[in-house]
Amino acid sequence: MQQEKKSLLIKYGICFGVASLITFLVFWIRGFFTNNAGVNIQILSDGFFVSGILLLAFAGMMFISGEGALIGIGFVLRSVAQIFIPMGRKNHEFYGQYRERVLAEKKEKKKNGDHCILVVGLTFLAISLVFTVIWYVNFYNITGQ
């Protein structure tokens with residue numbers, strides 16, 4: 001039980017570290033601290049938004065892959081690769097056999113309750129939303145002529 005908690009904390013730490021690195025890179029590219037406060041808040045929002053969306057997209061791809069939606073693409077790529085291997089077509093399996101084998105392997109590896117990428121991505125997206133609201137309330141002005 002203690003080992004599972006430690007492993008889960010390590011996974012969350014890695015996810016948070018990757019998201020923080022992406023956020024920092026966006027800050028650096030956009031020139032944080034070189035502008036006024038309004039632009040800096042926009043840069044904060046952009047940094048957290050980019051990392052949050054990237055993590056959510058990755059979590060979505062992992063979910064889709066885990067459900068077996070990309071098995072056909074894997075089968076095609078594997079079949080094409082076997083063309084270039086001498087005697088590679090000798091051990092050719094049909095799509096039905098390949099699908100059953102891959103789904104059985106995925107079922108063995110499937111872990112329930114491991115959603116660290118999704119949780120960290122949603123957290124960073126929420127932080128981005130907070131900075132967007134702060135910018136909107138304090139710096140968004142429409143002045144009519």
Side-chain angles (χ1 to χ4, degrees), residues 1-85 88 92-145:
M1 186 70 162
Q2 185 69 12
Q3 185 67 20
E4 291 176 12
K5 287 183 180 181
K6 187 175 181 180
S7 173
L8 190 61
L9 284 175
I10 290 172
K11 288 180 184 179
Y12 273 97
I14 290 171
C15 290
F16 184 79
V18 168
S20 298
L21 179 66
I22 294 169
T23 303
F24 176 75
L25 288 174
V26 172
F27 291 168
W28 185 47
I29 290 170
R30 296 282 311 267
F32 192 67
F33 293 125
T34 60
N35 298 305
N36 62 11
V39 176
N40 282 340
I41 291 176
Q42 286 178 327
I43 293 171
L44 282 169
S45 177
D46 290 346
F48 285 105
F49 179 78
V50 167
S51 59
I53 285 295
L54 286 176
L55 284 173
L56 288 177
F58 188 71
M61 286 298 293
M62 285 179 48
F63 174 75
I64 289 171
S65 175
E67 294 297 314
L70 303 175
I71 291 177
I73 295 171
F75 176 75
V76 169
L77 291 175
R78 185 171 181 260
S79 297
V80 169
Q82 284 182 343
I83 292 172
F84 299 107
I85 299 172
H92 177 71
E93 64 183 338
F94 294 105
Y95 178 70
Q97 297 166 337
Y98 177 80
R99 183 173 174 84
E100 287 178 17
R101 181 176 58 82
V102 170
L103 285 176
E105 290 171 2
K106 286 185 185 285
K107 190 179 259 188
E108 276 182 25
K109 293 180 183 179
K110 196 167 191 176
K111 297 178 183 177
N112 294 330
D114 188 19
H115 305 301
C116 64
I117 297 173
L118 179 67
V119 171
V120 172
L122 286 173
T123 303
F124 273 66
L125 202 59
I127 293 170
S128 169
L129 183 63
V130 168
F131 281 120
T132 301
V133 169
I134 290 171
W135 175 82
Y136 181 78
V137 168
N138 294 320
F139 296 102
Y140 185 71
N141 301 355
I142 298 179
T143 56
Q145 299 280 345

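The analysis underlying the following values was restricted to heavy atoms, covering all of them including side chains, and did not include hydrogens, waters or symmetry mates.
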[X] and [Y]: which non-hydrogen atoms are nearest, and at how many Å?
X: Ser128; Y: Ser45; answer: OG-O, 3.0 Å
X: Ser51; Y: Phe124; answer: OG-CD2, 3.1 Å
X: Thr23; Y: Phe48; answer: CG2-N, 4.0 Å
X: Ala59; Y: Ile117; answer: CB-CG2, 3.9 Å
X: Leu55; Y: Ala19; answer: CD1-CB, 3.3 Å
X: Arg30; Y: Asn35; answer: O-ND2, 4.2 Å

Check your understanding: Is there a side-chain contact between Leu70 and Met61, using heavy atoms and a 4.5 Å cut-off?
Key -> yes
Practice item. Would you mind reporting whether Lys6 and Ile10 have side-chain heavy atoms less than 4.5 Å apart? Key: yes
Take atom [atom1] of [X] as the centre, draw a 6.0 Å sphere, and report whether it contains more than 12 heavy atoms from other residues, nucleotides or ligands.
X: Tyr95; atom1: OH; result: yes
X: Phe32; atom1: CZ; result: yes
X: Tyr98; atom1: OH; result: yes
X: Phe139; atom1: CZ; result: yes

